[in-house]
Amino acid sequence: QVQLVESGGGLVQAGGSLRLSCAASGRTFRTMGWFRQAPGKERDFVAYISWSDGSTSYADSVKGRFTTSRDNAKNTVYLQMNSLKPEDTAVYYCAGSIFAYSSKWQEYGYWGQGTQVTVSS
């Protein structure tokens, strides 16, 4: 059974930080991605990391503020979010893909349950 279990969301003031975790079990993926969806908006790409070589990519809106990393021994990926802004408020999802270096949510077949991140002004 494939599972992606997220944790770490919450309420934070603008300028603050949060770290999301995503523990994967049941299979291996080539890429782990982070996406977010605000109410009434589409699901947006945030970041991805390659399991094999650690390559990362970020959406322009989070570049320089967010960092994704992995712990291969724990099968866990992280999203460190710094300098948070109210516009970062959304449900954040981690997802696993069999494709390499993908930023397209359609190429991710496995999804976590989502965790709410709320940034107050």
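Note that the coordinates shown come from a computational prediction; the quantities given were computed from them, not determined experimentally. Counting begins at 1 with the first residue of the sequence. The figures that follow rest on heavy atoms only: side chains count, while hydrogens, waters and symmetry mates do not.
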- [ ] Please report the C-alpha distance between Thr89 and Gln116 in whole Å, then the side-chain angles of each, then the deciding distance to 0.1 Å, and finally whether the side chain to side chain contact (heavy atoms under 4.5 Å, CB included) criterion is met.
- [x] CA-CA 8 Å; Thr89 296; Gln116 177 71 46; 4.0 Å; yes
Residue pairs meeting ring pair (Phe, Tyr, Trp, His ring centres under 6.0 Å), one or both in residues 71-101, sequence neighbours left out, come to none
dist Asp44:CG -> Ser103:OG (nearest 0.5 Å) comes out at 11.0 Å
Residues passing the side-chain hydrogen bond (donor to acceptor under 3.5 Å, both in side chains) test with Ser55, sequence neighbours excluded, are Asp53
*Counting distance only, does the side-chain N/O of Tyr48 pair as donor-acceptor with the main-chain N or O of Ala100 below 3.5 Å?*
no
- Polar contact flag, side-chain donor to acceptor under 3.5 angstrom, Trp51-Thr28: no
Fill in: Transitive ILVMFWY side-chain link Phe45 to Val62, under 4.5 Å
no
Are side-chain heavy atoms of Thr56 and Phe66 found at a separation under 4.5 Å?
no
Practice task
Give a yes or no answer on whether the side chain of Glu6 reaches the backbone of Cys94 with a donor-acceptor pair at less than 3.5 Å.
Solution key: yes
Is Ile49 reachable from Tyr108 through a run of hydrophobic residues whose side-chain heavy atoms are each under 4.5 Å from the next?
no
For Ser21 and Thr76, the nearest pair of non-hydrogen atoms, with its separation, is CB-CG2, 4.4 Å
On a heavy-atom basis, the closest approach of Lys85 and Val119 is O-CB, 3.3 Å
- Message: Donor-acceptor check, side chain of Thr115 to backbone of Gly8, threshold 3.5 angstrom: yes or no?
- Response: no
Nearest heavy-atom approach of Ala24 to Phe29 is CB-CE1, 4.5 Å
*Just wondering, do Arg36 and Trp34 contact through their side chains at under 4.5 Å, heavy atoms?*
no
Nearest heavy-atom approach of Gly9 to Leu18 is C-CD1, 4.5 Å
Could you check whether any side-chain heavy atom of Gln37 comes within less than 4.5 Å of a side-chain heavy atom of Trp105, counting everything from C-beta outward?
no
With side chain to side chain contact (heavy atoms under 4.5 Å, CB included) as the criterion, how do Ser52 and Arg30 come out once you've worked through the C-alpha distance, each side chain's angles and the decisive distance to 0.1 Å? CA-CA 7 Å; Ser52 59; Arg30 297 187 72 178; over 6 Å; no
_Within 6.0 angstrom of Gln106 CD, more than 12 heavy atoms from elsewhere_ = yes
### Task
Treating Ile, Leu, Val, Met, Phe, Trp and Tyr as nodes and any side-chain heavy-atom pair under 4.5 angstrom as an edge, say whether Tyr110 and Val46 lie in one connected cluster.
yes
Taking the side chain as everything from C-beta on, heavy atoms only, tell me whether Leu79 gets closer than 4.5 Å to Met32. no
Q. So, do Met81 and Asp88 sit near enough that their side-chain heavy atoms are less than 4.5 Å apart?
A. no
task = Quick one: do Trp111 and Phe35 satisfy side chain to side chain contact (heavy atoms under 4.5 Å, CB included)? Show the steps, please.
result = CA-CA 10 Å; Trp111 292 83; Phe35 295 81; 3.6 Å; yes
Note: Pro86 and Ser121 closest approach over all heavy atoms is CG-CB, 3.8 Å
Return yes when atom NZ of Lys63 has more than 12 non-hydrogen atoms of other residues, nucleotides or ligands closer than 6.0 Å, and no otherwise. yes
